[in-house]
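In this chain, numbering begins with 1 at the start of the sequence shown.
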Amino acid sequence: LIVLPGCGTQAAMTRVEEFRAAIGGEPIPVVGGQLSVTCSFGLHTVIGGSHDCDDVVRGAEAALHRAKQAGRDCVEVKEVG
């Protein structure tokens, strides 16, 4: 779980894409070769007002599930106004 207070959807998406690229950008040396790592993120942005933390986590989990279904190594967003 990554919390980015004060970030709007676009800023959060940019930051999470930077995380994804950094994680996947460097193969890990292992015995007999290299291991490539990819990652998927579910991003749930909350704009204004107060929201239940459990609902926010559930929204992020649902977005993460969609990212994995979309072929992995991507970011899916759920935005709530």
Side-chain angles (χ1 to χ4, degrees):
L1 176 63
I2 301 169
V3 178
L4 301 170
C7 278
T9 302
Q10 190 58 45
M13 183 71 168
T14 298
R15 191 67 179 136
V16 171
E17 281 291 353
E18 290 170 352
F19 295 152
R20 190 187 62 73
I23 291 167
E26 292 294 325
I28 299 167
V30 295
V31 175
Q34 296 182 349
L35 177 65
S36 296
V37 176
T38 63
C39 57
S40 297
F41 290 90
L43 177 62
H44 185 171
T45 61
V46 177
I47 301 169
S50 63
H51 298 275
D52 180 75
C53 288
D54 290 336
D55 289 342
V56 173
V57 171
R58 278 192 290 275
E61 287 176 341
L64 175 59
H65 184 69
R66 284 195 316 276
K68 289 180 176 183
Q69 286 181 323
R72 303 176 188 245
D73 197 29
C74 64
V75 179
E76 286 287 328
V77 179
K78 175 177 176 145
E79 185 173 346
V80 174

Margin query: For a quick check under 3.5 Å, do Q69 and H65 share a side-chain donor-acceptor pair by atom type?
Written below: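 Result is yes, a qualifying pair exists.
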Item checked: Single-linkage hydrophobic cluster, 4.5 Å side-chain cutoff, V16 and V37 together ->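 Linked within one cluster.
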Next item on the list: Indicate, with yes or no, if L4 and F41 share a hydrophobic cluster defined by side-chain heavy-atom contacts under 4.5 Å among Ile, Leu, Val, Met, Phe, Trp and Tyr.
Entry: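 Yes; tracing contacts between hydrophobic side chains, which count when under 4.5 Å, links both residues.
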Is there side-chain contact between [X] and [Y], with heavy atoms separated by less than 4.5 Å?
X	Y	value
S40	L64	yes
H44	R58	no
M13	V77	yes

Next item on the list: Starting at CG of L35, measure out to CD1 of I28 and round the result to the nearest 0.5 Å.
Entry: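 Rounded to the nearest 0.5 Å, the CG-CD1 separation comes out at 5.0 Å.
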Item checked: Charged N-O contact under 4.0 Å between R20 and E17 ->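 Yes, this pair counts.
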Check: Nearest heavy-atom pair of A63 and L43: which atoms, and what distance?
Finding: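 What the structure gives for the nearest pair is CB-N, 3.9 Å.
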Checklist line | Enclosure of Q34 CD (heavy-atom neighbours >12, cutoff 6.0 Å) | finding: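 Enclosed: over 12 neighbouring heavy atoms sit under 6.0 Å from CD of Q34.
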Margin query: What verdict does the side-chain contact (heavy atoms from CB on, under 4.5 Å) test give for R66 and K78, after you've listed the backbone C-alpha separation in whole Å, the side-chain angles of each residue and the deciding distance to 0.1 Å?
Written below: CA-CA 10 Å; R66 284 195 316 276; K78 175 177 176 145; 4.2 Å; yes
Note to self: Could you check whether any side-chain N or O of R15 sits under 3.5 Å from a backbone N or O of Q10, counting only pairs where one atom can act as donor and the other as acceptor?
What the structure shows: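 Side chain of R15 to backbone of Q10: no pair is present.
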